[in-house]
Amino acid sequence: MVDRLANSEANTRRISIVENCFGAAGQPLTIPGRVLIGEGVLTKLCRKKPKARQFFLFNDILVYGNIVIQKKKYNKQHIIPLENVTIDSIKDEGDLRNGWLIKTPTKSFAVYAATATEKSEWMNHINKCVTDLLSKSGKTPSNEHAAVWVPDSEATVCMRCQKAKFTPVNRRHHCRKCGFVVCGPCSEKRFLLPSQSSKPVRICDFCYDLLSTGDLATCQPTRSDSYGQSLKSSLNDVSDDDDDDDSSD
């Protein structure tokens, strides 16, 4: 089916519409063999609060951006190569349901669909695209992924020293290795994580000690089951700030 659609006029027209919606600030999306599989609005768990984002699934990439005018204009385009993607379901919790983690070596985050059916369709299509890509390329699935950042609202004190309380002066920071919310004194060190940046990035003292001794796995937490409560608590945040995935802290 995908191969038949690759060179169809309808597919070319659909991709062109997506390009136009992102405007000049977006990257070109039309290349030979690329097919737009589907699109929809998902709730992305950002650093400060959950935010609606428009997602587009192609047979080789996942694209998302901020919604300026629904179906007409988007900005802050992000492009994720699917061959680096792994996904994990998030356990339903109360009225917070239908979530999963999208994990890559450079960035990982949680998203939520409106219904269980929509979640199932998204996950099935993503997995199918990833499997087909890896089968064609002969590559193996990525076993490395960036930590999913703990939302600010989940931590009132430093998650490492358990003492420092966060205030407008004592700011929150994020360890790029474990994703924990930490205070400044607990995250003064920098370490080179090539999959995330060409420059050394902020990490907490705990992860720095482990990385310095070659223990790369111990400081990588698994947080698949914790995002329901994170989303629930952050729904009360009424900030209207822009997408903060790439915040420097």
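Taking the six-membered ring where the residue is Trp, Phe56 and Phe22 present perpendicular rings, their angle passing 60° and hence far from 30°. Note: Phe55 and Tyr64 have parallel aromatic rings, judged against thresholds of 30 and 60 degrees for the angle between ring planes.
In this structure the side chain of Ile61 reaches within 4.5 angstrom of the side chain of Arg34, judged on heavy atoms. Side chains of His78 and Arg53 form no contact here, defined as non-hydrogen atoms less than 4.5 Å apart. The side-chain heavy atoms of Pro151 and Leu45, taken from C-beta on, include a pair separated by under 4.5 Å. Residues Cys204 and Lys177 are not in side-chain contact: their nearest non-hydrogen atoms beyond the backbone lie 4.5 Å or more apart. A 4.5 Å side-chain heavy-atom check between Thr156 and Lys165 finds every atom pair outside the cut-off. Considering only heavy atoms from C-beta on, Asp60 comes within 4.5 Å of Ile31 through its side chain. Taking 4.5 Å as the limit, every side-chain heavy atom of Lys163 sits out of range of all side-chain heavy atoms of Cys183. Contact annotation: the side chain of Arg176 approaches that of Trp149 to within less than 4.5 Å [non-hydrogen atoms, C-beta and beyond].
Residues Phe109 and Val130 share a hydrophobic cluster, clusters being chains of Ile/Leu/Val/Met/Phe/Trp/Tyr side chains in contact below 4.5 Å. Side-chain heavy atoms closer than 4.5 Å link hydrophobic residues (I, L, V, M, F, W, Y) into clusters, and following such links, possibly through other members, connects Leu36 to Ile67. Ile37 and Val18 sit in two unconnected hydrophobic clusters of ILVMFWY residues. Membership requires side-chain heavy atoms under 4.5 Å apart, directly or through other members. Hydrophobic clustering, with ILVMFWY side chains joined whenever heavy atoms are under 4.5 angstrom apart, groups Leu57 together with Ile80. Hydrophobic clustering, with ILVMFWY side chains joined whenever heavy atoms are under 4.5 angstrom apart, groups Leu62 together with Val85.
Under the 3.5 Å distance criterion, the side-chain polar atoms of Thr12 are matched with a main-chain donor or acceptor of Ser8. Side chain of Asn59 to backbone of Gly33: a donor-acceptor contact under 3.5 angstrom is found. When atom types are taken as modelled, the side chain of Ser120 and the backbone of Ala116 share no donor-acceptor pair closer than 3.5 angstrom. Judged by distance alone, the side chain of Thr213 and the main-chain N or O of Asp209 form a donor-acceptor pair under 3.5 Å.
Donor-acceptor pairing under 3.5 Å is lacking for the side chains of Thr115 and Thr117. Inspection of the Glu83 and Ser137 side chains reveals no N or O donor paired with an N or O acceptor under 3.5 Å.
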message = For a side chain to side chain contact (heavy atoms under 4.5 Å, CB included) check, start with the C-alpha distance between Ile203 and Arg190, then their side-chain angles and the critical distance, and finish with the verdict.
response = CA-CA 6 Å; Ile203 62 173; Arg190 299 291 190 273; over 6 Å; no

inquiry  = Show, in sequence, the C-alpha distance, side-chain angles and deciding distance for Val150 and Met159, and conclude whether the side chain to side chain contact (heavy atoms under 4.5 Å, CB included) test is met.
reply    = CA-CA 10 Å; Val150 176; Met159 297 178 72; 4.0 Å; yes

task = Would you sort out whether Gln77 and Leu29 count as a side chain to side chain contact (heavy atoms under 4.5 Å, CB included), showing the intermediate values?
result = CA-CA 11 Å; Gln77 182 190 71; Leu29 298 173; 4.1 Å; yes

request  = Please assess Arg47 against Arg172 for the test side chain to side chain contact (heavy atoms under 4.5 Å, CB included), listing each intermediate value before the final yes or no.
outcome  = CA-CA 11 Å; Arg47 175 179 176 179; Arg172 293 170 171 83; 4.0 Å; yes

task = Take Glu144 and Ser195 through the side-chain hydrogen bond (donor to acceptor under 3.5 Å, both in side chains) test and state the conclusion after the steps.
result = CA-CA 9 Å; Glu144 178 186 7; Ser195 62; 3.2 Å; yes

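Of all the heavy atoms in Met123 and Asp88, the pair that sits closest is CE-C, 4.2 Å. Between Ser187 and Asp205, the shortest heavy-atom distance links the atoms N-OD1, 4.3 Å. Between Ala155 and Val181, the shortest heavy-atom distance links the atoms CB-CB, 3.7 Å. Residue Asn98 comes nearest to Ala114 through the heavy atom pair ND2-O, 3.4 Å, listed as atom of the first residue, atom of the second, then distance. Closest heavy-atom contact between Lys119 and Trp100: CG-CE3, 3.6 Å. Contact record, Gln196 with Thr106: CG-O, 4.0 Å, taken as the closest heavy-atom pair.
Atom OG1 in Thr104 sits 10.0 Å away from atom NE2 in His145 (nearest 0.5 Å). The structure places CG of Leu42 at 5.0 Å from CH2 of Trp122, a figure rounded to the nearest 0.5 Å. Separating the SG atom in Cys186 from the CZ atom in Arg160 is a distance of 9.0 Å, to the nearest 0.5 Å. Atoms CZ and NE2, on Arg202 and His174 in that order, are 11.0 Å from each other to the nearest 0.5 Å. How far CG of Asn11 is from CD1 of Ile15: 4.0 Å, rounded to the nearest 0.5 Å. To the nearest 0.5 Å, atoms CZ (Phe191) and CG (Leu211) are separated by 4.5 Å.
Partners of Lys128 by salt bridge (Lys or Arg N to Asp or Glu O under 4.0 Å), not counting sequence neighbours, listed by chain and number: Asp132.
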